[in-house]
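As structure tokens, the structure follows; a few thoughts come after it.
Note that ligands are numbered from 1 as they come in the structure, with each ligand's atoms numbered from 1 the same way. Predicted model only: the values in this text are computed from it and were never measured.
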Amino acid sequence: MWRSGRDHYGLVAIGFHWSIAIAFVGLVGLGAWMVGLTYYDPWYNDSLALHKAIGIAVLALALAKLGWKLIDRKPGYGPEVRAYERAGATATHWILGALLIVLPVTGYLISTSEGAGIDVFGLFEVPAFFDVSGGTRDLAIDLHYYLAYGGIALVGIHAIAALKHTFIDKGSTLIRMLIPRPRSSPVDRSVK
Ligand code: HEM
């Protein structure tokens, strides 16, 4: 139930997957919207504060997910998933995993560049650890921008691939990321 098995994801892996996915898509939408606000908009400060707090939560979730992945079992792919698709899926998962750490870190560097910490939902503050000056801050802003929009494009490809495997190839890819119990569909045991 909690842990993943040979042919299914456990509740913890499913929980990490969907909470991070929803937060990531929400953060890109919120980020794109907030940078267009003017100083006089009532949401000018609150939208950025909310973006930062959710972004820090995503960083924490991504690190916890990485830790869990190291001890959890990795279900094999279904037989309908071709070799090149397995390679593509594995690469996408690792790129997205790295992005979920690097992207919030760039956001953190932008936000703390003037020495102020980050308030996380009024619960605690993440202090400014580094002294980030002009050029590095500009680099962090550029990286944050390109990684966020590049990341959402990758999430889109990842979602289309999952839908294709489910509805065209009639596999269990999407179903098993929704239901935490073993499926009756066959699994290729040769793939770890
Ligand atoms: C997965 C996590 C995150 C995603 C997907 C994300 C996404 C975005 C996006 C799409 C923008 C708008 C970029 C633009 O159109 O110019 C943005 C801006 C921004 N984000 Fe994030 N963000 C994340 C995490 C964070 C974190 C953790 C922080 C700070 C603690 C942060 C701070 C900022 C700031 C300060 C801006 C405004 C940058 C500027 O003024 O150009 N972000 N973010």
Side-chain angles (χ1 to χ4, degrees), residues 9 12-70 72 88-163 174 177-178:
Y9 286 104
V12 177
I14 292 175
F16 276 131
H17 179 271
W18 291 110
S19 57
I20 292 175
I22 292 166
F24 185 87
V25 174
L27 276 175
V28 174
L30 178 58
W33 173 67
M34 75 184 187
V35 292
L37 297 178
T38 65
Y39 182 75
Y40 300 101
D41 192 288
W43 275 94
Y44 184 79
N45 289 320
D46 288 350
S47 60
L48 181 57
L50 188 63
H51 181 87
K52 291 180 193 176
I54 300 175
I56 293 294
V58 166
L59 176 61
L61 279 172
L63 291 171
K65 180 179 190 280
L66 181 66
W68 180 251
K69 195 175 171 146
L70 295 174
D72 196 23
T90 303
T92 307
H93 295 156
W94 281 105
I95 293 170
L96 283 175
L99 196 106
L100 286 169
I101 293 170
V102 178
L103 180 53
V105 168
T106 58
Y108 166 84
L109 291 176
I110 303 169
S111 304
T112 54
S113 60
E114 282 164 1
I118 295 166
D119 177 62
V120 182
F121 301 117
L123 298 173
F124 59 92
E125 185 179 287
V126 181
F129 290 116
F130 311 104
D131 183 8
V132 179
S133 55
T136 315
R137 183 177 191 275
D138 290 347
L139 178 65
I141 290 176
D142 286 349
L143 278 175
H144 198 74
Y145 177 89
Y146 288 112
L147 291 177
Y149 293 113
I152 199 74
L154 205 56
V155 167
I157 293 169
H158 170 77
I160 290 168
L163 291 172
L174 189 57
M177 194 41 102
L178 289 166

Determine all donor-acceptor pairs shorter than 3.5 Å in which one atom belongs to a side chain in residues 115-134; sequence neighbours excluded.
residue: D119; atom: OD2; partner: G122; partner atom: N; Å: 3.2

Residue and atom name of the nearest protein heavy atom (relative to [atom]), distance in Å to one decimal:
| atom | value |
| --- | --- |
| atom 30 (C) of ligand 1 | I118 CD1, 3.2 Å |
| atom 15 (O) of ligand 1 | Y149 OH, 2.8 Å |
| atom 16 (O) of ligand 1 | Y145 CD1, 3.4 Å |

Within the 4.0 Å heavy-atom shell around [X], which atoms of ligand 1 are there?
| X | value |
| --- | --- |
| S111 | 29 (C), 30 (C), 32 (C), 35 (C) |
| M34 | 18 (C), 19 (C), 20 (N), 36 (C) |
| V58 | 1 (C) |

Results of ring-ring contact (aromatic ring centres under 6.0 Å, His included) for Y39 - residues two or more places apart only: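 Expected list: Y44.
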Atoms (protein N, O or S; no water) under 2.8 Å from atom 21 (Fe) of ligand 1: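 Of the protein's nitrogen, oxygen and sulfur atoms, 2 lie under 2.8 Å from atom 21 (Fe) of ligand 1.
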Heavy-atom protein contact below 4.0 Å for atom 40 (O) of ligand 1: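 It does not: no protein heavy atom is found less than 4.0 Å away from atom 40 (O) of ligand 1.
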Side-chain donor/acceptor of H93 to backbone N/O of A89, under 3.5 Å: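 It does hold such a pair.
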Under 3.5 Å donor-acceptor pairs involving side-chain atoms of residues 17-30, not counting sequence neighbours:
residue: W18; atom: NE1; partner: M177; partner atom: O; Å: 2.7
residue: S19; atom: OG; partner: G15; partner atom: O; Å: 2.7
residue: S19; atom: OG; partner: F16; partner atom: O; Å: 3.3

Min heavy-atom dist L48 to ligand 1 below 4.0 Å: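 Heavy atoms of L48 do come under 4.0 Å of ligand 1.
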